[in-house]
Amino acid sequence: MTKEQTWSQRFESALHPAIARFNASIGFDIELIEYDLTGSQAHAKMLAHTGIISATEGEKLVAGLEQIRQEYHQGKFHPGIDAEDVHFAVERRLTEIVGDIGKKLHTARSRNDQVGTDTRLYLRDQIQQIKQQLREFQGVLVDIAEQHIETLIPGYTHLQRAQPLSLAHHLLAYFQMAQRDWERLGDVYRRVNISPLGCGALAGTTFPIDRHYTAELLNFDRVYENSLDGVSDRDFAIEFLCAASLIMVHLSRLSEEIILWSSEEFRFVTLKDSCSTGSSIMPQKKNPDVPELIRGKTGRIFGHLQAMLVIMKGLPLAYNKDLQEDKEGLFDSVNTVKACLEAMTILLAEGLEFRTQRLAAAVAEDFSNATDVADYLAARGVPFREAYNLVGKVVKTSIAAGKLLKDLTLEEWQQLHPAFAVDIYEAISPYQVVAARNSYGGTGFAQVRKALLAARTQIAQQ
């Protein structure tokens with residue numbers, strides 16, 4: 001460790017090397033360097049704009065910060081532990097470039113409002129990127145759905161066969177989940193996009209700063225109204241982690257279905273070689289690694305959300321060093337969500353194929369058309385509960401006889417109830433069972449086609 005301190009001369013000696021390492025955040029907050037440079041340039045311009053420093057000094061600070069940006073891009077800027085964090089690393093290098101003028105950059109600013117600004121600029125960027133990824137994911141879902149409007153798939157409740165569905169309808173359920181995720185991130189963005197710059201350490205500053213000027217330069221919608229709140233608020237990070245957790249819930253649910261569908265027990269999809277792996281010992285295996293990893297990584301995001309809530313729950317106002325712990329979980333959550341969205345989008349677009357013949361056979365080999373028998377009778381004046389009980393009995397006797405409902409003779413149907421006619425066979429065919437469910441939002445093919453048109457319209461919205 002160098003003897004030079006990054007803080008005031010109140011301290012007589014340097015930190016213990018182990019404590020310096022423990023205290024430093026440069027190892028991970030270097031992720032914020034682009035945003036730190038951008039925020040610092042805005043701050044320098046504001047200092048010149050308000051006359052706190054001269055226009056020439058402001059220009060030199062802005063140019064020096066831009067030089068650091070280029071050095072970073074070229075791989076020439078490598079701050080170490082002795083810099084403690086990205087903010088001091090930038091300030092120290094700036095002073096090397098422009099001289100003592102660099103020491104003026106921190107006028108009317110604290111690391112507390114500085115890191116809050118950096119984090120919001122970072123998260124604002126990442127939210128927009130994730131929203132775009134969600135649109136790409138939705139686009140693939142719609143592409144596949146359009147190919148499978150009249151492909152049927154068993155629908156389940158309690159993981160038991162329930163009623164047949166249009167495969168497109170099933171896929172569009174995940175489209176709607178992703179749409180809520182997209183909208184939710186937009187809501188979070190509005191609360192991320194508030195500037196804490198100028199709140200100082202906790203109480204504002206004695207200098208005649210213009211917080212609205214820096215907010216405008218950085219494209220923030222507004223500024224924090226209370227300086228204490230501005231430097232200590234991490235609600236926006238928690239909200240993002242909540243939104244990220246829900247994205248992962250939805251990806252994990254789809255992953256679980258793909259894992260089931262690709263098993264020998266279901267055989268609804270075939271995994272392509274580009275998105276699956278084999279076993280080191282069992283040569284016949286083809287493993288669904290992508291959905292399994294997504295399902296597993298979901299817990300990481302949940303953990304980061306829980307950690308952030310625990311960090312915040314007991315913190316007195318204003319800034320506390322505990323808040324340094326917000327970044328690693330936030331960064332990892334962003335990277336994990338982005339990686340999982342990319343992987344799932346590729347898996348759907350290129351890595352699996354629906355086995356349409358197997359799906360057609362699946363919907364024809366069960367009693368998932370039983371509700372339609374009850375509906376058939378109810379449409380002919382039989383009270384539904386009475387019809388329900390009658391069909392329950394015929395299902396029971398059919399199972400005992402090793403038959404499906406489609407195998408019953410017309411005479412057997414009419415012995416059950418005289419309202420049955422020859423059109424019962426069409427009414428309980430899987431295709432008609434799906435087509436008939438034409439209520440708004442239902443799985444009927446006409447409704448699915450309308451839903452696909454609406455989905456395309458939603459994707460076009462940015």
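Basis for what follows: all heavy atoms, side chains included, without hydrogens, waters or symmetry-related copies. Values in this document were obtained by computation on a predicted structure and should not be read as measured data. Throughout, numbering of the chain's residues begins at 1 and tracks the sequence.
- Qualifying salt bridge (Lys or Arg N to Asp or Glu O under 4.0 Å) partners for Arg69, counting only residues two or more places apart in sequence or in other chains: Glu34, Glu66.
- Partners of Leu317 according to the side-chain contact (heavy atoms from CB on, under 4.5 Å) rule, which considers only residues two or more places apart in sequence or in another chain, are Leu228, Ser232.
- For Arg190, the salt bridge (Lys or Arg N to Asp or Glu O under 4.0 Å) test picks out Asp187, with sequence neighbours left out.
- With sequence neighbours excluded, the residues that form a salt bridge (Lys or Arg N to Asp or Glu O under 4.0 Å) with Glu71 are Arg93.
- Listed by chain and number, the residues in a side-chain contact (heavy atoms from CB on, under 4.5 Å) with Asp366 are Arg161, Ser368 (sequence neighbours excluded).
- For residues 294-317, there are no ring-ring contact (aromatic ring centres under 6.0 Å, His included) pairs, not counting sequence neighbours.
- For the residue pair His170 and Glu257, a side-chain donor N or O sits within less than 3.5 Å of a side-chain acceptor on the partner.
- Glu136 pairs by the salt bridge (Lys or Arg N to Asp or Glu O under 4.0 Å) definition with nothing, not counting sequence neighbours.
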Please tabulate, for side-chain N and O atoms in residues 196-210, each donor-acceptor pair with protein atoms closer than 3.5 Å (sequence neighbours left out).
from   : atom 1 : to     : atom 2 : distance (Å)
Thr205 : OG1    : Phe207 : N      : 3.2
Asp210 : OD1    : His212 : N      : 3.2
Asp210 : OD1    : Tyr213 : N      : 3.0

Counting only pairs under 3.5 Å, give me each side-chain donor-acceptor contact of residues 342-360, with atom names and distances, residues two or more places apart or in other chains.
from   : atom 1 : to     : atom 2 : distance (Å)
Thr345 : OG1    : Leu341 : O      : 2.7
Arg358 : NE     : Phe266 : O      : 3.0
Arg358 : NH1    : Glu365 : OE2    : 3.4

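- Residues Gln179 and Arg184 form no side-chain contact, since every pair of their non-hydrogen atoms from C-beta on lies 4.5 Å or further apart.
- For the side-chain contact (heavy atoms from CB on, under 4.5 Å) test, residues two or more places apart in sequence or in another chain that qualify with Thr443 are Leu165, Ser166, His169, Val434, Arg437.
- Scanning for ring-ring contact (aromatic ring centres under 6.0 Å, His included) contacts around Tyr431 gives Phe445, with sequence neighbours left out.
- Every pair passing ring-ring contact (aromatic ring centres under 6.0 Å, His included) that includes a residue from residues 102-129 is listed here, sequence neighbours excluded: Tyr35-Tyr122, Tyr122-Phe331.
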